[in-house]
Amino acid sequence: MCEKNHYCYKYPHPALTCDCVIFGFDGLSLKILLIERGIEPYKGRWAFPGGFMNIDETTDDCARRELWEETGLYNVEVRQFHTFSAVGRDPRERVVTVAHYALVKISEVKGGDDASNARWFALNEIPSLAFDHDRILRLAFQTLKERICFEPVGFELLPKVFTMTELQNLYEAILEVKFDRRNFYKKMTKLGILIESEERGAHTPARIPVKYSFNPEKYEELKKKGFRLEF
């Protein structure tokens, strides 16, 4: 133990950061939240929200704090998915980052801290990213594609009330495939996680879509038990 610092060691230690890949959905396409960096290195380039971990934080604590400071997103569930440790990934010093992803409803965010701007981008409109964040994004998207078949993810991404078309659009955007409308409807209603949000009158035109909300109890039950959704 040193007098000026909490911890001192004989051997050099790398710095540790946390980066957050934030997925949103606008009803048609999957979106990624990016931060325009306001400081060097890579000033003016786009990157994921993130920063250095404090000595008294866990990596999840760090990820949530950085989200709050840089985007205004609060109380977001973050999930670790990989650690990136390439030697030259950060020009400042030896930095290892623990990457997280989160699913959030589209909302307005504001820049702060070392961010000058925060913006949602469609997957096909992602600019060249700072550091190794292009690689982080590819792995985050692959992780989401794998987990959507084992976790019902719509609760975090869709509005409280939504149509079956919006739910199908979400799964198609993530899995990058097209589904038969009738088969998709049968599979989703069979899970028991959807409830009609309002009664339809006998004379309601068929062209007006049924609106649904999630059954939170059934939803949490499936999350805990795990399920496999195959198309």
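If you read the sequence from its start, that first residue is 1, and numbering goes on from there. These numbers were taken from a predicted model, which means no experiment stands behind them.
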Engineer: When rounded to the nearest 0.5 angstrom, what is the spacing between CG in Leu144 and CG in Leu157?
Structural biologist: 7.5 Å
Engineer: Is it true that Lys43 and Glu40 make a salt bridge, defined as a side-chain N closer than 4.0 Å to a carboxylate O?
Structural biologist: no
Engineer: Ion pair present between Glu176 and Lys145, side-chain N to carboxylate O less than 4.0 angstrom?
Structural biologist: yes
Engineer: Answer whether the closest heavy-atom distance between the side chains of Val104 and Leu33 falls below 4.5 Å.
Structural biologist: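 They are not in side-chain contact.
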Engineer: Look at the side-chain heavy atoms of Ile, Leu, Val, Met, Phe, Trp and Tyr, link any pair under 4.5 Å apart, and say whether Met188 and Val177 land in one connected group.
Structural biologist: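 In one cluster with Met188: Val177, yes.
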Engineer: Return yes when atom CZ of Phe121 has more than 12 non-hydrogen atoms of other residues, nucleotides or ligands closer than 6.0 Å, and no otherwise.
Structural biologist: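 Yes, CZ of Phe121 has more than 12 neighbouring heavy atoms, counting only those of other groups under 6.0 Å.
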Engineer: Before you tell me yes or no, could you show the steps for Leu34 and Arg119 under side chain to side chain contact (heavy atoms under 4.5 Å, CB included), namely the whole-Å CA-CA distance, both residues' side-chain angles and the distance that decides it to 0.1 Å?
Structural biologist: CA-CA 6 Å; Leu34 297 177; Arg119 189 187 308 171; over 6 Å; no
Engineer: Locate the shortest heavy-atom distance separating Thr143 from Phe81; write the atom from each residue and the value.
Structural biologist: OG1-CD1, 3.9 Å
Engineer: Ring centres under 6.0 Å, that's the criterion: do Phe179 and Tyr171 meet it?
Structural biologist: no
Engineer: Would you indicate whether the side-chain heavy atoms of Ile22 and Ile32 approach each other to under 4.5 Å?
Structural biologist: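 Not in contact.
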Engineer: Would Tyr101 and Arg147 satisfy side chain to side chain contact (heavy atoms under 4.5 Å, CB included), going step by step from the backbone distance to the final call?
Structural biologist: CA-CA 12 Å; Tyr101 79 92; Arg147 293 187 179 179; 3.2 Å; yes
Engineer: Just wondering, do Pro159 and Lys105 contact through their side chains at under 4.5 Å, heavy atoms?
Structural biologist: no
Engineer: For residues Val210 and Met164, determine if any side-chain heavy atom of one lies less than 4.5 Å from a side-chain heavy atom of the other.
Structural biologist: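 In short, these two side chains do not touch, never coming nearer than 4.5 Å.
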Engineer: Salt bridge or not between Arg45 and Glu36? Use side-chain N to carboxylate O under 4.0 Å.
Structural biologist: no
Engineer: Main chain of Trp68, side chain of Thr71: is a donor-acceptor contact present, judged purely on distance under 3.5 Å?
Structural biologist: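 Not a single qualifying donor-acceptor pair exists.
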Engineer: Step by step, work out the side chain to side chain contact (heavy atoms under 4.5 Å, CB included) result for Trp120 and Ile106.
Structural biologist: CA-CA 8 Å; Trp120 291 100; Ile106 293 290; 3.7 Å; yes
Engineer: Rounded to the nearest 0.5 Å, what separation is found between the CG atom of Asn169 and the CD1 atom of Ile174?
Structural biologist: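 Reported to 0.5 Å precision, the distance equals 11.5 Å.
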Engineer: In Å and rounded to the nearest 0.5 Å, what is the CG to CG distance from Asp134 to Leu129?
Structural biologist: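 Interatomic distance, Asp134 CG to Leu129 CG, rounded to 0.5 Å: 4.0 Å.
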Engineer: Is Val96 linked to Val21 within one hydrophobic cluster, defined over Ile, Leu, Val, Met, Phe, Trp and Tyr using a side-chain heavy-atom separation of less than 4.5 Å?
Structural biologist: no
Engineer: Whether the side chain of Asn215 engages the backbone of Lys218 through a donor-acceptor N/O pair (distance < 3.5 Å, no angle test) should be reported.
Structural biologist: yes
Engineer: With respect to Met53, which candidate in Asp61, Thr59, Thr58 satisfies the side-chain contact (heavy atoms from CB on, under 4.5 Å) definition?
Structural biologist: Thr59
Engineer: Got a second to check how far Glu66's CD is from Thr17's OG1, nearest 0.5 Å?
Structural biologist: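 Taking CD in Glu66 and OG1 in Thr17, the distance rounds to 9.0 Å.
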Engineer: On a heavy-atom basis, which atom in Ala173 and which in Phe25 lie closest, and how many Å separate them?
Structural biologist: CB-CE1, 4.2 Å
Engineer: Between Gly51 and Cys62, which heavy-atom pair has the shortest distance, and what is it?
Structural biologist: O-SG, 3.7 Å
Engineer: If you compare all heavy atoms of Pro49 against all heavy atoms of Leu67, which two are closest, and at what distance to 0.1 Å?
Structural biologist: CB-CD2, 3.8 Å
Engineer: Is a side-chain donor-acceptor pair under 3.5 Å present for His100 with Asp19?
Structural biologist: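 Checked: Asp19/His100 side chains show no N/O donor-acceptor pair below 3.5 Å.
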Engineer: Does the side chain of Leu16 reach to within under 4.5 Å of the side chain of Val95, using non-hydrogen atoms?
Structural biologist: no
Engineer: Determine whether Val76 and Leu103 satisfy the following criterion, side chain to side chain contact (heavy atoms under 4.5 Å, CB included), listing intermediate values before the conclusion.
Structural biologist: CA-CA 8 Å; Val76 174; Leu103 310 175; over 6 Å; no
Engineer: Is there side-chain contact between Leu194 and Leu191, with at least one heavy-atom pair below 4.5 Å?
Structural biologist: no
Engineer: Is any side-chain heavy atom of Phe162 closer than 4.5 Å to one of Phe214?
Structural biologist: yes
Engineer: So which pairs with a foot in residues 156-171 pass salt bridge (Lys or Arg N to Asp or Glu O under 4.0 Å), sequence neighbours left out?
Structural biologist: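 Non-adjacent pairs meeting salt bridge (Lys or Arg N to Asp or Glu O under 4.0 Å): Arg79-Glu156, Glu156-Lys223.
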Engineer: Among Trp46, Phe84, Phe48, find the one that has a ring pair (Phe, Tyr, Trp, His ring centres under 6.0 Å) with His133.
Structural biologist: Phe48
Engineer: Please check this pair: side chain of Asn54 against backbone of Asp56, looking for a donor-acceptor N/O pair closer than 3.5 Å.
Structural biologist: no
Engineer: Could you grab the distance from atom CG of Leu30 to atom CZ of Phe23, nearest 0.5 Å is fine?
Structural biologist: 6.0 Å
Engineer: Is there a donor-acceptor pair under 3.5 Å between the side chain of Arg94 and the backbone N or O of Pro12?
Structural biologist: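 No, Arg94 side chain to Pro12 backbone: no donor-acceptor pair under 3.5 Å.
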Engineer: Locate the shortest heavy-atom distance separating Phe52 from Ala15; write the atom from each residue and the value.
Structural biologist: CE2-CB, 3.6 Å
Engineer: Evaluate the side-chain proximity of Asp90 to Phe131: yes if any heavy-atom separation is below 4.5 Å, no if none is.
Structural biologist: yes
Engineer: Decide, yes or no, whether a salt bridge links Asp180 with Arg182 under the criterion of side-chain N to carboxylate O below 4.0 Å.
Structural biologist: no
Engineer: What distance separates Ile35 CD1 from Asn117 CG, expressed to the nearest 0.5 Å?
Structural biologist: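 The CG atom of Asn117 is 8.0 Å from CD1 of Ile35, to the nearest 0.5 Å.
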Engineer: Looking only at heavy atoms, what is the nearest atom pair of Ser197 and Val161, with distance?
Structural biologist: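 Looking at all heavy atoms of both residues, the closest pair is OG-CG1, 3.6 Å.
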